[in-house]
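Below: one structure, written as structure tokens.
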2 protein chains.
Amino acid sequence: MKKENHNINLKNSNLKVTPQRMAVLEALNNLKNHPTTENIKEYVVKNHPNIAVGTIYKTLETFVEKGLVKKVKTEKDVMRYDAIIENHHHLYCEDSERIEDFFDDELNNMLEIYFKKKKIPNFKVKDIKLQIIGTFKGNKS
Amino acid sequence: MKKENHNINLKNSNLKVTPQRMAVLEALNNLKNHPTTENIKEYVVKNHPNIAVGTIYKTLETFVEKGLVKKVKTEKDVMRYDAIIENHHHLYCEDSERIEDFFDDELNNMLEIYFKKKKIPNFKVKDIKLQIIGTFKGNKS
DNA sequence: TCCTAATTAAGAATTATTCCTATTTAGTAA
DNA sequence: TTACTAAATAGGAATAATTCTTAATTAGGA
């Protein structure tokens, strides 16, 4: 099921289905919380020791180009990846590296209406992402 | 006037006022549009050729720690800096590297009210930043 | 003016990423 | 099934960015 989805994703993007690409997709699916490049490298190398590191970099680049994954904007110096393409916002924990997805259609509507009414001079709005900074209650991860 | 402000900033943060730090602050003030580390290095080295590169890195790190500047989130792999600490959002150009500040109190109020009413489970909101993605009309920079 | 902890210069060391090229492989068509 | 070809990969060298180390210098206070 999951493997089939991967096949479909790759084929839709006119990418050949290779074991290396499957391995990177597997990593993206199994690593939660917006993995860093290092997280992904580690996972892939662990599970598929014969895959070259350069290939992982190249594969990620290809996926970003094709829109299969997105890069997450972050305050730290490391890049993170997001396997979910649907429109969503991010919750950033002040105390940890945790980043969670946040879906809220009501909020999206409100923002859309707001920016339809209130134009920004010389700027055409195409998309809006919220970075909601705060702290998670309870479990410290 | 500007120099005095720098002095005040540094002293308030319990940092010694050194020529190296003044030079980095000068760069941050003169370079518009959220300079990259490279922009800053280039500016400082050009105007003060005897300042070591390592010192520039260390100084920027110190400033971020003390809250004198902030890092800007970016999709690309490069970090950018923001000398403005006041609360504001960012306009990202899809077609160029341009990032502009965006101030809007009405928007801030609307968001504050929204998140006061609509709680996010297990999360305490402290701050909200918008990444407004789109294109600038007219001048291509 | 002197003292001391903080800061810096200089360049070596480390780390992450990109680049290069020969080899291999996925997909296609006969 | 086999053969073909463009695309993809392995492996490691090369590059680039950043951090680290240590001796020398300096800012700020007594």
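Letters A, B, ... are given to chains in the order of the sequence lines, protein chains preceding strands, and every chain is numbered from 1.
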Whole-Å distance separating the CD atom of B:Glu38 from the C1' atom of C:dT17: 15 Å
Using side-chain hydrogen bond (donor to acceptor under 3.5 Å, both in side chains) as the criterion, list what pairs up with B:Glu94, not counting sequence neighbours. A:Lys126
If you look only at distance, which donor and acceptor atoms sit under 3.5 Å apart when one is on a side chain in residues 50-60 of chain B and the other is two or more places apart or in another chain?
from: B:Tyr57; atom 1: OH; to: B:Lys41; atom 2: NZ; distance (Å): 3.0
from: B:Thr59; atom 1: OG1; to: B:Thr55; atom 2: O; distance (Å): 2.6

Can you list everything that forms a side-chain hydrogen bond (donor to acceptor under 3.5 Å, both in side chains) with B:Glu65? Sequence neighbours excluded, please. none
The salt bridge (charged side-chain N to carboxylate O under 4.0 Å, His left out) partners of A:Glu42 (sequence neighbours excluded) come to none
Given atom CD1 of A:Ile40 and atom P of C:dA16, what is their separation to the nearest angstrom? 14 Å
Less than 3.5 Å apart, any donor N or O on the side chain of A:Asp101 or A:His90 sitting next to an acceptor on the other? yes
Short side-chain N/O contact to D:dT19 OP1/OP2 from B:Tyr57, under 4.0 Å: no
Once base and sugar-phosphate atoms are separated, protein heavy atoms under 4.0 Å mark nucleotides 1-11 of chain C, 5' to 3', with B, S and - as ----BSSBB--
At 10 degrees resolution, what angle do the end axes of the helix from C:dT1-D:dA30 to C:dA30-D:dT1 form when each is taken over five base pairs? 40°
Restricting to side-chain hydrogen bond (donor to acceptor under 3.5 Å, both in side chains), what partner residues turn up for B:Asn47, sequence neighbours left out? none
Can you tell me how far C1' of D:dG29 sits from NZ of B:Lys11, to the nearest Å? 12 Å
Atom-to-atom span, NZ of A:Lys41 to C1' of C:dT17 - whole angstrom: 8 Å
Sequence-distant partners of A:Lys117, side chain to side chain contact (heavy atoms under 4.5 Å, CB included), two or more places apart: B:Glu106
With sequence neighbours left out, what residues match B:Phe123 under ring pair (Phe, Tyr, Trp, His ring centres under 6.0 Å)? A:Phe136
Atom pair distance, as rounded to whole Å: CG in A:Leu60 and C1' in C:dA16: 14 Å
